[in-house]
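Residues: numbered from 1 along the sequence shown. Order of appearance sets the numbers: ligands from 1, and atoms from 1 within every ligand. A quick note: this is a predicted structure, and the numbers were derived from the prediction, not measured.
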Amino acid sequence: MKTNHFISPKYYIIDNMKALITGISGQDGYFLSRLLFKKGYEIHGVIRRNSSMSNGTLALLPEEIRKNIIIHYGDLTDAGFFAKLLGQEKPEELYHLAAQSFVGYSFQNPASTYDVNISGTLNIVNAVKDYSPSTKMYFAATSEMFGQPENTPQNEETPLKPRSPYAVSKLAGYWTTKTYREAYDLFISNGILFNHESEVRGPEFVTRKISLNVAKIVHGSKEPLELGNLNARKDWGYAKDYVYGMWQMLQQARSDDFILGTGELHTVREFVGEAFKVAGINITWEGRDINEIGKSDDGKIFVRVNKKFFRPLESDNYLADYNKAKRDLKWEPTTKFHDLVRIMVKSDVENSVL
Ligand code: NAP
Ligand code: F7E
């Protein structure tokens, strides 16, 4: 990995475009880096120091891409760092993906979630306004902002009624970017993205928790998978499709807000059943609520419910109406639910050991 100046003429000449990614070490940062590399961008990424010197999903990128990413060490809560960085680099595009993104954690740690997601976003837009106003910026908003919508499916006009500190923080970020866009004539597009998952999804998110546990069971574990609300329903897509939509938003003549999703709803229980099916295990359900269990045909208990994974409030009834993205960006999800589950389980079965 490089740490300051990009000097690969090969990629510079193709496009002469510079992109800065916050949250490059997360799931979406991984897929976006791959996409922008293919398109010939000079990629800059912000990561924060941690004691184990681990770089998250950056470590999973092919060497060819990783060594061409210019890393800047900094934290979202550091306004001075971003002012200096934007002034120095003046990227054509900025993808602001960094966030405390785990909804469950936001109930336990609302203050730090607000610091990172609200003040952090304010630091970014201030740096853009003051030091690089011609940068086109993407902000990672979320379907969580809908809370418990009365109407389904949701589009860009659906009222926003957040139901978690995470969702409140993202709503504040969303309104901040919209206000700055209008007030200072900045190009900032918001992606209101529904759940998107992948083989590099963080392990605490339910889909990856399931795929990792199925893989452990395939490799001989006897520990049942413990989950919270099996009835929760989500519109789950594949992250690779969604980062393409982010990039498309910044290629438009003017900034706007777009929903990306699949328009398909599935419960956590369905995801579990499908994931075990990929591993050749048929799950049948017995019992109710907290006593519900998932059993294999030979009577082994592979799934249990544990109260500790329930949230104080659940957001539900989400379903994406992504017609605007389809019409204006020509964007459509290409990976169906079954394929997504298969990609995740197969990857974890191949790559994990007990
Ligand atoms: P993710 O895997 O959790 O990645 C979050 C990234 O933010 C990581 O690189 C993390 O760094 C970084 N970060 C967190 N706090 C930071 C701080 N204080 N300073 C600097 N960097 C910090 O999230 P994701 O799934 O890729 O999602 C990307 C964005 O889209 C997030 O803003 C998320 O809220 C939003 N979003 C996601 C979905 C989804 O379904 N994935 C849907 C809608 C919106 P570390 O590696 O150091 O932790
Ligand atoms: O939960 C239920 C849980 O943590 C999905 C983030 O990317 O998408 C993500 O947020 C559902 C919830 O993601 C467990 O209650 C049941 O209803 O995977 P999750 P999320 O909360 O939907 C949105 C769009 C974002 O913006 C966020 O950044 O699954 N659930 N049992 C469980 N969830 C977890 N994590 N663990 C369980 O054991």
Per [atom], closest listed option by heavy atom ([options]):
atom	options	result
atom 6 (C) of ligand 2	Gly104, Gly202, Ser164, Ser101	Ser101
atom 42 (C) of ligand 1	Arg48, His196, Arg49, Arg201	His196
atom 25 (C) of ligand 2	Tyr166, Tyr318, Phe102	Tyr166
atom 9 (C) of ligand 2	Arg201, Lys234, Arg233	Arg201
atom 44 (C) of ligand 1	Ala141, Ser54, Ala140	Ala141

Item to check | Pairwise side-chain contact, Val128 with Tyr184, heavy-atom cut-off 4.5 Å (strictly under) | outcome: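 They are not in side-chain contact.
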Give a yes-or-no answer on whether the side chains of [X] and [Y] include a donor-acceptor pair shorter than 3.5 Å.
X	Y	answer
Asp235	Thr262	yes
Glu286	Thr284	no
Thr334	Asp241	yes
Asp115	Thr77	no
Ser189	Asp256	no

Should the pair Asp257-Lys324 be classified as a salt bridge under the 4.0 Å nitrogen-to-oxygen rule?
no
ask   = Taking NZ, NE, NH1 and NH2 as the nitrogens, is one of them in Lys346 or Glu199 under 4.0 Å from a carboxylate oxygen of the other?
value = no
Can you list the ligand 1 atoms lying under 4.0 Å from a non-hydrogen atom of [X]?
X	value
Gln27	2 (O), 25 (O), 26 (O), 41 (N)
Gly26	2 (O), 4 (O), 8 (C), 9 (O), 26 (O)
Thr142	43 (C), 44 (C)
Asn195	40 (O)

Around [atom], find the nearest protein heavy atom and jot down its residue, atom name and distance.
atom	result
atom 5 (C) of ligand 1	Ala99 O, 3.7 Å
atom 5 (C) of ligand 2	Val206 CG1, 3.7 Å
atom 17 (O) of ligand 2	Glu314 OE2, 2.5 Å
atom 29 (C) of ligand 1	Leu97 O, 3.1 Å
atom 4 (O) of ligand 2	Arg311 NH2, 2.7 Å
atom 20 (C) of ligand 1	Leu76 N, 3.7 Å
atom 35 (N) of ligand 2	Glu204 O, 2.9 Å
atom 21 (N) of ligand 1	Ala98 CB, 3.7 Å
atom 31 (N) of ligand 2	Gly228 N, 2.8 Å
atom 37 (C) of ligand 2	Lys209 NZ, 3.7 Å

Please determine whether residues Tyr138 and Ile118 belong to a single hydrophobic cluster, defined as Ile, Leu, Val, Met, Phe, Trp and Tyr linked transitively by side-chain heavy-atom distances below 4.5 Å. no
Is there at least one pair of N or O atoms, one from [X] and one from ligand 2, spaced under 3.5 Å apart?
X	answer
Leu193	no
Asn195	yes
Thr142	yes

For Val103, the ligand 2 atoms with a heavy-atom partner under 4.0 Å come out as 10 (O), 21 (O)
Note: ligand 2 atoms sitting under 4.0 Å from heavy atoms of Ser143 are 24 (C)
Original post:
Closer than 4.0 angstrom: is that true for some heavy atom of His96 and an atom of ligand 1?
Top reply: no
In this structure, does ligand 1 have an atom that sits under 4.0 Å from one of the heavy atoms of Thr77?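 It does not; every heavy atom stays at 4.0 Å or beyond.
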One should read off an interatomic distance between Arg49 CZ and Tyr73 OH, to the nearest 0.5 angstrom, of 9.5 Å
Ligand 1 versus Phe102: contacting region, heavy-atom distance under 4.0 Å
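No part of Phe102 is near ligand 1 at this cut-off.
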Within the 4.0 Å heavy-atom cut-off, what Glu144 brings close to ligand 1 is neither
| So, for Tyr95 and Phe139, is the gap between ring centers shorter than 6.0 Å? | no
task: State yes or no: are the ring centers of Tyr105 and Tyr166 separated by less than 6.0 Å?
output: no
Assign the ring pair Tyr322 / Trp331 to parallel, tilted or perpendicular, where the plane angle (0 to 90°) is split at 30° and 60°.
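The rings of Tyr322 and Trp331 stand perpendicular, inter-plane angle above 60°.
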Could an N or O of ligand 1 be found under 3.5 Å from any N or O of [X], whether backbone or side chain?
X	result
Asp28	yes
Lys170	yes
Tyr166	yes
Leu193	no
Ser101	yes
Gly74	no
Val116	no
Ser25	yes

Quick check: are there more than 12 heavy atoms from other residues, nucleotides or ligands sitting under 6.0 Å from CH2 of Trp285?
-> yes
**Request:** Please work out whether any backbone atom (N, CA, C, O) or any side-chain heavy atom from C-beta onward of Phe310 is under 4.0 Å from ligand 2, and answer side chain, backbone, both or neither.
**Result:**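 For Phe310, no heavy atom sits under 4.0 Å from ligand 2.
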side-chain hydrogen bond (donor to acceptor under 3.5 Å, both in side chains) with Ser315: of Gln148, Lys161, Glu144, only one passes, and it is Glu144
Determine, step by step, whether Tyr41 and Glu92 satisfy the side-chain hydrogen bond (donor to acceptor under 3.5 Å, both in side chains) criterion, reporting the C-alpha distance in whole Å, the side-chain angles of both residues, the deciding distance to 0.1 Å, and the verdict. CA-CA 10 Å; Tyr41 278 70; Glu92 275 82 20; over 6 Å; no
Tell me whether Arg201 forms a cation-pi arrangement with Phe205, defined as NZ or CZ under 6.0 Å from the six-membered ring centre and within 45 degrees of its axis.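 Yes, Arg201 and Phe205 form such a contact.
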With side-chain hydrogen bond (donor to acceptor under 3.5 Å, both in side chains) as the test, would you mind laying out the steps for Asn55 and Ser25 before giving the verdict? CA-CA 6 Å; Asn55 289 336; Ser25 57; over 6 Å; no
Check each of Phe31, Phe194, Tyr244 against Tyr238 using the ring-ring contact (aromatic ring centres under 6.0 Å, His included) test, and report the only one that passes.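 Going through the options one by one, the only one that passes is Phe31.
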For residues 306-314, dump all side-chain donor-acceptor pairs below 3.5 Å to protein atoms at least two apart in sequence or in another chain.
unit_1: Asn306; atom_1: OD1; unit_2: Lys308; atom_2: N; d: 2.9
unit_1: Asn306; atom_1: ND2; unit_2: Glu226; atom_2: OE1; d: 2.9
unit_1: Glu314; atom_1: OE1; unit_2: Asn229; atom_2: ND2; d: 3.2

